[in-house]
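I have placed the structure first, in the form of structure tokens, so that the comments after it can refer back to it.
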Amino acid sequence: MNPHDDSGIIQLRRVLAERFPHVRTWSRLPPPKIPPIRPTGLHHLDSLLQGGLSESSITEFVSPGSGAGSALLLRALLWQTRQTAQFMGLIDGADSFDPTGLPPSILSRLFWVRCKTAEEAMKATDILLRDRNLSLIVLDLKMNPAAQLRKISGTTWYRLQRIARQSATAFVAVTPHPMVPSAETRIVLENRFTLDALSQDESRLLAELKFDLTRAPGEEAQEVAG
């Protein structure tokens with residue numbers, strides 16, 4: 001029995017209770033560990049996530065098609081990082097992030113890794129997660145070609161999950177379709193913004209973002225298309 005595995009102790013107590021109903025057992029088990037929560041700054045999203053992004057885990061945001069709102073989400077996370085005086089790492093899988101309009105005070109909180117391929121992005125993500133100096137790491141694969149994304153194995157995602165669990169970093173992956181089998185949380189962006197939306201106030205657009213929680217922490221992971 002693993003001495004650090006509380007579930008083994010619980011199972012042992014159940015077995016003893018079934019075989020010896022008059023015998024009393026006692027043990028001081030620590031309370032279950034609840035991963036710290038990192039608010040996104042988007043109240044409707046934080047409400048859906050019961051407070052925000054979980055640290056030490058992977059949250060996948062699926063952004064299908066154009067105008068789904070992933071660029072707005074990234075900007076919102078940057079603003080929140082500035083509000084909390086922390087730093088955000090952005091692994092830009094296809095060098096597609098547009099910082100236009102963001103003030104220097106926001107950009108000073110951004111560690112931006114500009115990649116050309118998904119393979120480069122995955123390697124950079126491994127390095128940044130192991131570094132443990134960033135409170136939030138976002139891997140953006142939204143614009144990478146399907147041929148590159150198909151080369152990312154499930155083993156790679158589970159390795160990143162193990163690294164994330166050893167840190168206090170909130171790890172977000174932005175993908176064009178569900179493809180992260182090790183994601184504890186998966187949210188689909190359900191927006192269809194048009195080019196006309198670019199002329200609207202950004203704060204208004206952020207308030208209009210729509211999210212669908214399709215996998216919550218604790219649910220059994222299912223195989224996803226690669």
Side-chain angles (χ1 to χ4, degrees), residues 31-63 68-93 97 99 102-103 105-113 121-122 124-142 157-175 178 180 182-189 191 202-203 205-207 209-219 221:
K33 293 182 178 180
I34 302 176
I37 298 298
R38 193 172 298 281
T40 66
L42 297 173
H43 299 302
H44 49 311
L45 177 57
D46 288 338
S47 177
L48 187 66
L49 294 173
Q50 298 185 356
L53 302 169
S54 296
E55 296 180 359
S56 306
S57 67
I58 302 177
T59 300
E60 180 181 16
F61 283 90
V62 179
S63 180
S70 59
L72 281 169
L73 173 65
L74 292 181
R75 294 170 76 92
L77 293 177
L78 265 173
W79 279 101
Q80 179 65 12
T81 301
R82 171 65 180 83
Q83 288 292 105
T84 55
Q86 296 176 326
F87 292 91
M88 168 178 152
L90 171 61
I91 300 98
D92 191 354
F97 176 67
L102 291 172
S105 61
I106 298 295
L107 296 176
S108 67
R109 296 288 169 175
L110 174 64
F111 187 83
W112 184 12
V113 183
M122 300 304 286
T125 301
D126 190 295
I127 293 172
L128 262 63
L129 279 175
R130 293 179 188 275
D131 184 70
R132 303 184 185 182
N133 280 315
L134 298 168
S135 59
L136 171 64
I137 292 177
V138 178
L139 168 62
D140 185 6
L141 298 174
K142 159 77 176 180
W157 288 115
Y158 281 106
R159 185 180 73 249
L160 293 180
Q161 179 196 42
R162 289 192 295 271
I163 299 173
R165 284 181 174 174
Q166 297 171 2
S167 70
T169 300
F171 178 27
V172 167
V174 181
T175 61
V180 184
S182 58
E184 286 89 343
T185 305
R186 178 175 293 129
I187 299 169
V188 178
L189 291 163
N191 310 280
E202 185 172 306
S203 60
L205 294 176
L206 289 172
L209 282 174
K210 297 178 181 179
F211 305 95
D212 180 23
L213 181 64
T214 61
R215 179 189 293 176
E219 294 182 356

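Atom set for the values below is all heavy atoms of this structure, side chains included, hydrogens, waters and symmetry mates excluded.
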Ignoring hydrogens, what is the shortest heavy-atom contact between [X] and [Y]? Give both atom names and the distance.
X	Y	result
A68	S63	CB-OG, 3.2 Å
V174	S70	CG1-CB, 3.9 Å
R186	V180	NH2-O, 3.0 Å
L102	W79	CD2-NE1, 3.7 Å
S182	W157	OG-O, 3.0 Å
A121	L141	CB-CD2, 4.1 Å

Has N191 got a side-chain atom pairing as donor or acceptor with K210's backbone, closer than 3.5 angstrom?
yes
Answer yes or no: is there a side-chain heavy-atom contact under 4.5 Å between [X] and [Y]?
X	Y	result
R130	Q166	no
W112	P99	yes
L90	L77	no
M122	L160	yes
L74	F97	yes
F171	E60	no
L209	H44	yes
I91	L128	yes

Could you give the distance from [atom1] ([X]) to [atom2] ([Y]), rounded to the nearest 0.5 Å?
X	Y	atom1	atom2	result
L49	I187	CG	CD1	4.0 Å
T40	D46	OG1	CG	3.5 Å
Q50	T185	CD	OG1	9.5 Å
L129	S167	CG	OG	6.0 Å
T59	R215	OG1	CZ	11.0 Å
F211	L73	CZ	CG	5.5 Å

In this structure, which one of R109, Q86, E55 forms a side chain to side chain contact (heavy atoms under 4.5 Å, CB included) with S135?
Q86
Could you walk me through whether R82 and L78 pass side chain to side chain contact (heavy atoms under 4.5 Å, CB included), step by step?
CA-CA 6 Å; R82 171 65 180 83; L78 265 173; over 6 Å; no
Can you tell me if R38 and Q80 form a side-chain donor-acceptor pair at under 3.5 Å?
no
Assess whether a salt bridge exists between E184 and R165, defined as any Lys/Arg side-chain N lying under 4.0 Å from an Asp/Glu carboxylate O.
yes
